[in-house]
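Take a look at the structure set out below.
Computed from a predicted model, the values in this text were never measured in an experiment. Numbers restart at 1 for each chain; the letters A, B, ... are given by sequence-line order, proteins then strands.
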Amino acid sequence: MDQFLIEFKRGTLTMAVLSQLRTPQYGYSLLEKLQSHQFPVESGTLYPLLRRLEKQGLCISEWDTSQTRARKYYSLSPLGKTLDLLITE
Amino acid sequence: MIENYITKVVSYLPFKDRKDVSEELEILIMDMCQDDMSDENIINVLKDLGHPRELALDYGEKKGLIGPEYFGRYKELLVLVLKVALPIIFILSFISNAYNTQLITIENQQMATLIANLVYIIIFSLGAVLSAAFSIFAIVTFIFAILERRQETFEIFEYDFNSKTENTKQRSEKSYLLEGIITIIGTIFFLFVIYNPEFPLIGSVENGVFQMNQGIFVAESFASLTPYVLLVVATALIVTAIKIYTRKNSKLLITAEILHSLSALALLIFALLTPNLINPYIINILNHASVANIAQVIPFALLTIPILNIFQQLYYLYKLDK
């Protein structure tokens, strides 16, 4: 049962993250957004998840060095947008 | 603290991911701290992120022979085993080759012949080291590949979230200072021996009475080595001065260490070529105490020390440039 719950949470988190990446987000802003929607997520879980989604081709990242502190922004890739649409239909 | 934490996390990751992950983690930690950079807040933030190995496991993907869960331990164990085993193998192989080829029993060798034979022995010893390195690599990799497949879990040791880079630097500086002090003590002893080669350091039993009345060297033979000993002492003092003054590794220190080792190598070679250098009383004791010509093996064994030091310094030079 525990393993089932872990897998369920992992899948749910992935869906939640994809939904929030419709607009470009950097890691901490995404963390705050998810927590504001009553979706608790550990910071140590979110960043690895973003990297996995990027490697799977579901999101893309870009460094923004225009601000005082450089940040890596994530957004949905075309494949990610398609998947997001299919999930929310 | 932050730097130590990030360094620990990425140490468990493949090289290609380290730069990106460390930059991202640094920004995340800064954001989570929210401008409160007190030690207490930083520790709380790092604890929220979790143990470095656990965080690294979440980053890694299970692919290849050894996954991220075991990669850190695999790398640590492999490096540790190689660092211990390879120098020992080199020394044993060196002595074995010198003994088996009967070079050590050849009397009054010419300089060119001796150097040629030494080069021959070094090349063969390096071959043994290379072979051993491949074997160790294969065995350790095989063991961890099996562990990966069987999903054995390692106990996670506690991580000190309060560890700071400054502490590590202080320990490193202290070790350089300690090495410098030890070298000074050794140099003083060497200088003493130069001016008192027959000073009684070894005891003997005469008429049932134990007396400290035997020196290590024969004064007349030792006199010819004085310039080389002075060169070794001078280079040792230069190395010591650099260590105590800079208290860190640098190209200057590495160069001085290599020169010191080369001078020690030259001294040992000339010592090998100098007949009747060692007090015959000591040679008799050593030969009676063992089945091998141990008195002749010892100089060759000592040769491995500066040779190994030279390789070690070249390795440090490579790491410094990386």
Side-chain angles (χ1 to χ4, degrees), chain A residues 2-3 5-14 16-18 20-21 23-36 39-75 77 79, chain B residues 1-3 5-37 41-64 67-69 71-72 151 153 156 159 161:
Chain A
D2 286 342
Q3 189 60 32
L5 280 171
I6 288 169
E7 292 296 327
F8 182 75
K9 280 183 183 174
R10 196 175 285 168
T12 316
L13 177 60
T14 304
V17 166
L18 286 174
Q20 297 305 309
L21 288 181
T23 54
Q25 304 283 338
Y26 61 91
Y28 191 64
S29 68
L30 184 57
L31 193 71
E32 287 187 312
K33 254 199 162 184
L34 288 169
Q35 287 174 345
S36 69
F39 200 99
V41 58
E42 291 176 5
S43 50
T45 308
L46 182 63
Y47 270 75
L49 172 61
L50 288 170
R51 285 184 69 86
R52 274 201 298 276
L53 292 176
E54 189 178 11
K55 285 185 178 179
Q56 288 167 353
L58 295 173
C59 70
I60 51 177
S61 67
E62 198 176 348
W63 281 97
D64 179 6
T65 55
S66 60
Q67 299 172 29
T68 49
R69 192 180 287 169
R71 286 204 163 87
K72 196 175 188 181
Y73 280 80
Y74 291 87
S75 56
S77 67
L79 179 62
Chain B
M1 277 187 281
I2 295 174
E3 191 183 328
Y5 181 85
I6 293 173
T7 302
K8 192 67 180 169
V9 171
V10 299
S11 72
Y12 293 106
L13 299 176
F15 288 109
K16 62 179 176 60
D17 291 335
R18 288 184 185 183
K19 185 170 181 291
D20 208 33
V21 170
S22 65
E23 284 172 352
E24 208 168 37
L25 263 181
E26 187 181 357
I27 293 166
L28 170 66
I29 293 169
M30 293 299 188
D31 284 340
M32 288 174 70
C33 287
Q34 294 185 337
D35 297 327
D36 178 6
M37 298 306 291
N41 190 41
I42 290 174
I43 290 172
N44 288 334
V45 165
L46 296 181
K47 282 183 177 176
D48 273 346
L49 286 171
H51 193 286
R53 186 165 159 268
E54 288 288 295
L55 182 58
L57 285 179
D58 285 335
Y59 268 103
E61 294 177 10
K62 286 192 185 296
K63 62 179 181 181
E69 187 167 358
F71 185 75
Q151 291 293 298
T153 55
I156 298 176
Y159 176 78
F161 289 95

With rounding to the nearest 0.5 angstrom, report the CG to OH distance, L25(B) to Y47(A).
8.0 Å
Can you give me the closest heavy-atom contact between E24(B) and W63(A), atom names plus distance?
N-CH2, 4.2 Å
Heavy-atom neighbours of K8(B) NZ exceed 12 at 6.0 Å:
no
Would you sort out whether I27(B) and R71(A) count as a side chain to side chain contact (heavy atoms under 4.5 Å, CB included), showing the intermediate values?
CA-CA 7 Å; I27(B) 293 166; R71(A) 286 204 163 87; 4.2 Å; yes
In terms of heavy-atom proximity below 4.5 Å to chain A, should V45(B) be classed as side chain, backbone, both, or neither?
neither
With sequence neighbours excluded, what pairs up with P48(A) under the side chain to side chain contact (heavy atoms under 4.5 Å, CB included) test?
R52(A), L55(B), D58(B), Y59(B)
Contacts of residues 25-32 of chain A with chain B (heavy atom under 4.5 Å):
Y26(A), Y28(A), E32(A)
